[in-house]
2 protein chains.
Amino acid sequence: MEENTRPLILITNDDSIDAPGIHHLAESVRSMGDIYIVAPEDPRSGQSSALSVATPLRITERPSDKEGVRIFTVNGTPVDCVKLAMHAIVPRKPDIVLSGINHGSNSSVNITYSGTMGAVLEGCMLGIPAIGFSLLHHSIKADFTFCTAFVAAITSKVLAEGLPQHVCLNVNIPAKVRPEGIKVCRAAKGHWTDEYKRYLDPSGVPFYWLTGHFINEEPDADDTDEYWLNCRYVTVVPVTPDQTATASFKSITAMFEE
Amino acid sequence: MEENTRPLILITNDDSIDAPGIHHLAESVRSMGDIYIVAPEDPRSGQSSALSVATPLRITERPSDKEGVRIFTVNGTPVDCVKLAMHAIVPRKPDIVLSGINHGSNSSVNITYSGTMGAVLEGCMLGIPAIGFSLLHHSIKADFTFCTAFVAAITSKVLAEGLPQHVCLNVNIPAKVRPEGIKVCRAAKGHWTDEYKRYLDPSGVPFYWLTGHFINEEPDADDTDEYWLNCRYVTVVPVTPDQTATASFKSITAMFEE
């Protein structure tokens, strides 16, 4: 029996196995290798790098009608999917981890909350090249047509050349337009504001539901993902799991050690 | 009526309002300001920066027997607690956000999964100095005696001097010893391995439960939190929410733009 030398591609997301985005992603890279889709069985948006510590996880295989594509669901978060896929599903270490295509932006600080990017960071920490893809359109009916060529080109390049150690990619794709091209840029600094809608339940007790809008703290900067998405470019932000604030090392050391 | 000029201290955690660690934290800093404890009503370890997007949140005030301390619970994650506290609980912008004291280490890559640090990053993104405290002992009965002086000293210093913009602190405290002092250091690179225990349910269907052990990828480095915790020091890692991998900017740009 010959050894299988086709790349092994592990695909996950946070919108669940039922979101069209993940199937667009798989289809865009299907010719490049053997595909294992391992995705949450329910939507897990906003799950960041959360993992299930207090509940058991199950794996369920679903039928696949595509050659070279196997499909599994896990009753957990995107990070659970990557960890459990590595432990119990994939036959060898994947050559690449892909996450998405997310229905909605993961630019700027949204990476912090994003389950899509949680899975990507997990792949990266396991030493596997990893890329998250997000389309700037929340709808379940979002049109992924213009994504295909960019997803394929970026994935193919990373499969061929790899990524630096401890670096993964956060790719955002403008919606409803043919992108002008690709820009490598940094994540804009920003935050969310006016974050809850207040209701009264039938007994008159208040409850709150997350909402709010995003504030770009650097609207004039021309080197951020927000800026280039606005110019209709696909943005590629190199991302590291290591959050040590190296630039402030001296000042913090002066505060606490001297 | 005089304006209240005492600092406002917002305290949360991920082990829930019932964990001793959060009450030790509050007691350690009580003399420094007015305390608002806003904590998850249930344990939320490993929740990272997860937020509740699809469920309503409730706030419940609990009686407090300490002057200057108010206590609230939220049926959500640590990040939900900070966001909702800002929106609907605290009377003004807090002067500092404190999280912990976590029952267990948040050194190295554990910051990625930590709900304790999720809350700290959230405070930081809102422009508030923020510190996470963790004791290297998982037990609910952990002894926090040696924490008090370090928690007080670090908090007091940050209240007086602030922190650089977009920088927060991840403080880990060795267990069962009087620490030798404080070291400012970087997060060790590492990962978890052998991560699941496999079971069979009564029908013979497998399920999996998270476990595993931590691998320090840099056991010989003498500038990491793992190294200094091993030397019985309290470690202070300056942390930034911005995960852009600045050092790899050139190589990634060469891959995709040229």
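Labels below follow one simple rule: chain letters A, B, ... track the order of the sequence lines, proteins then strands, and each chain is numbered from 1.
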- prompt: Non-hydrogen atoms of chain B under 4.5 Å away: do they reach the side chain of P164(A), the backbone, both or neither?
  reply: side chain

- prompt: In terms of heavy-atom pairs under 4.5 Å, which option from M117(B), E217(B), K183(B) contacts chain A the most?
  reply: K183(B)

query: Which answer fits L121(B), side chain, backbone, both or neither, if we ask what part of it has an atom under 4.5 Å from a heavy atom of chain A?
result: side chain

Which portion of A247(A) sits near chain B, non-hydrogen atoms under 4.5 angstrom: neither

task: Pick one of side chain, backbone, both or neither for V74(B), based on which atoms fall under 4.5 Å of a heavy atom in chain A.
output: neither

- prompt: Side chain, backbone, both or neither: which part of V237(A) has a non-hydrogen atom closer than 4.5 Å to chain B?
  reply: side chain

message: For I154(A), which atoms come within 4.5 Å of any heavy atom of chain B: side chain, backbone, both, or neither?
response: both

message: Quick check on side chain to side chain contact (heavy atoms under 4.5 Å, CB included): which of D18(A), D80(A), T12(A) does P40(A) satisfy it with?
response: T12(A)

field: Heavy-atom pair with the smallest gap, counting every atom of V109(A) and F214(A)
entry: CG2-CE1, 3.9 Å

field: Atom group of L84(A) that falls short of 4.5 Å from chain B, counting heavy atoms
entry: both

message: Report which part of T55(B) has an atom under 4.5 Å of a heavy atom belonging to chain A: side chain, backbone, both, or neither.
response: backbone

query: Under 3.5 Å, is there a donor-acceptor pair between the side chain of N172(B) and the main chain of N106(B)?
result: yes

field: Heavy-atom proximity to chain B below 4.5 Å, by part of V239(A)
entry: both

query: So what's closer than 4.5 Å to chain B heavy atoms on S52(A): side chain, backbone, both or neither?
result: backbone

message: Under 4.5 Å from any heavy atom of chain B, what part of I182(A) do you find: side chain, backbone, both or neither?
response: both

- prompt: Would the number of heavy atoms belonging to other residues, nucleotides or ligands and lying under 6.0 Å from CZ of R58(B) be above 12?
  reply: yes

